[in-house]
Number of protein chains: 2
Amino acid sequence: MATSRKAESIPGDDWPAGAESTPAARSEHVPESTVRRLSTYYRLLQTLAAQSEGEQVSSGKIAALTGFTAAQVRRDLAYFGTFGRRGVGYENQELQRSLATILGIDRGWRIALVGVGNLGQALLSYRGFPRQGFHVVAAFDRDPRKIGRKVRRVLIRPMSALPAAVRSLNLQMAVIAVPADSAQEVAAAVVAAGITGILNFAPTKLVVPEHVHLQNVDLSIEIEYLSYLLTHEAPADT
Amino acid sequence: MATSRKAESIPGDDWPAGAESTPAARSEHVPESTVRRLSTYYRLLQTLAAQSEGEQVSSGKIAALTGFTAAQVRRDLAYFGTFGRRGVGYENQELQRSLATILGIDRGWRIALVGVGNLGQALLSYRGFPRQGFHVVAAFDRDPRKIGRKVRRVLIRPMSALPAAVRSLNLQMAVIAVPADSAQEVAAAVVAAGITGILNFAPTKLVVPEHVHLQNVDLSIEIEYLSYLLTHEAPADT
DNA sequence: GCTTGTGAATATCTTCACAGCC
DNA sequence: GGCTGTGAAGATATTCACAAGC
């Protein structure tokens, strides 16, 4: 079921000998929740650096400020290598660089937005994306009235322009923000154009080939989970 | 950390005798992932019903259409009771009602939106919310130029109007869509006004009292996870 | 014959606790 | 003395596999 994987660990082949200082690899499977926490650590380090507090940080400090535990912080990092000095902690800039490499945000990603409705426009304007190296450089919509307009300096193109744009603009990811009924069709087009990473905001299950990475953000699920918490877990807890 | 809970299961006290047909309770702890999948099942049932296919559904069918497994579907439901008939399956409308009760969306939730920027406006217009019973009935912003305007029939009010509005409009949840720097302050105001459920879109860790339920949607984390997948898990897999 | 509901087995993730190093 | 990195233990979640029931 989609999440087949096989770990495939030939004993003793887990890690190229001597490569222990290269962050961002290590073949063992890394839990999704670990990767998401790494994003949180990364942003915290950015914030601390901006306040020029915390040139030196400890797992305990990261834990206190993010709401996780110190053991968890260390375990999460351990999947990728060894980044700190015992008795001392981690050097902020250095750990930031390592995390950026691990997360793959040490380059800049070039992104296509498909669907320039309310949500699409908000995503085009979202400051958090460029701040972390995600650049929406092209937008697509099927509404002829929107074609040719610009939103936030980004030209809105017809869907037919997608394949050529993927090549000429070197687009690497797509953000899908169209209604649920057209999302599968859009996904197919995006995949056909050669894109292998999709962030989908449409509330529907998309079917994509195995080699395409798909991440869903479903606002209804989020708010329904909150509804569940309020309904059950009485008045307490996260 | 924050997720302290203690299960507190007095043996033999797990479930009030004879209440086995009441959906939506059962005291055992339910995994977050289970609840999120229930939302997905629920929406699938709605879709099938609208197509007037699937008056009768099986765990296998739900699994095939959502991408989970049949065993998982049955296990997820089992946390809350017993909803199907052996050899037959589940009756769509009946299961839908049960899921709605479990998720707490069989009522209508009245919601405050705080922060009417790009994202806030998109959320005000998001069709998926009212479709599932989530009604944004009041909006708040600190920008005086926005006060008094209406977006999608919803009046934008000053932050100072929040406490009174919570009472007079019976607001039960807040959606926070303000910049990271003001999010904590807004959260405090929202909590002070008596709201106990928060859906937070600001990319920062909010500290709230134990009795307040907080759910975060962090777009940067989502796209960074996609970046991670593209960078590592080579060309394959979910 | 087909599908649910569920103990038991497995796999996965988190926490503990401490040796190793600064 | 303090903090990391990590085996081992513990807790949680998923999957298997089958008895029970239509």
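Each chain gets a letter, A, B and so on, in the order its sequence line appears, and its residues count up from 1. Every heavy atom of this structure was used, including side-chain atoms; hydrogens, water molecules and symmetry mates were not.
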Worksheet item: Do B/Q132 and A/S220 have a side chain donor and acceptor closer than 3.5 Å?
Response: no
Worksheet item: Under 3.5 Å, is there a donor-acceptor pair between the B/Q72 and B/D76 side chains?
Response: no
Rounded to the Å, how far apart are [X] [atom1] and [N] [atom2]?
X     : N      : atom1 : atom2 : value
B/L38 : D/dA13 : CG    : C1'   : 14 Å
A/L77 : C/dT14 : CG    : C1'   : 15 Å
B/E28 : D/dT14 : CD    : P     : 13 Å
A/K61 : D/dG2  : NZ    : P     : 17 Å
A/E32 : D/dT14 : CD    : P     : 12 Å
A/R36 : C/dT14 : CZ    : P     : 13 Å
B/H29 : D/dT14 : NE2   : P     : 12 Å
A/I62 : D/dT4  : CD1   : C1'   : 12 Å

Discussion item. With a 6.0 Å cut-off (strictly less than), is the heavy-atom count around CD of B/E185, excluding the residue itself, greater than 12?
Written reply: no
Discussion item. Does atom CZ (A/R85) have a neighbourhood of more than 12 heavy atoms from anything else shown, all under 6.0 Å?
Written reply: no
Give the nucleotide from the list [options] with an atom nearest to the side chain of [X].
X     : options                : answer
A/S33 : C/dC16, D/dC22, C/dC13 : C/dC13
A/R75 : C/dG5, D/dG7, C/dT14   : D/dG7
A/S58 : D/dC3, D/dG7, C/dT6    : D/dC3
A/S59 : D/dA20, D/dT4, D/dT14  : D/dT4
A/A71 : D/dT4, C/dT4, C/dC16   : C/dC16

Discussion item. If the cut-off is 4.0 Å, is B/R37 near the phosphate of D/dA13, judged by side-chain N/O to OP1 or OP2?
Written reply: no
Item to complete: Give a yes/no on whether any side-chain N or O of B/Y90 is located under 4.0 angstrom from OP1 or OP2 of D/dC22.
Response: no
Worksheet item: Hey, is the side chain of A/R86 pairing donor to acceptor with the base of D/dG5 inside 3.5 Å?
Response: no
Item to complete: Record whether the side chain of B/R85 comes under 3.5 Å of the base of C/dG5 through a donor-acceptor pair of N or O atoms.
Response: no
Worksheet item: Which part of the nucleic acid, if any, lies within contact of A/R74, taking any heavy atom under 4.0 Å across all strands shown: a base, the sugar-phosphate backbone alone, or nothing?
Response: base
Fill in: A/Q184 and its side-chain contact (heavy atoms from CB on, under 4.5 Å) partner, picked from A/I176, A/V207, A/T204, A/V178
A/V207
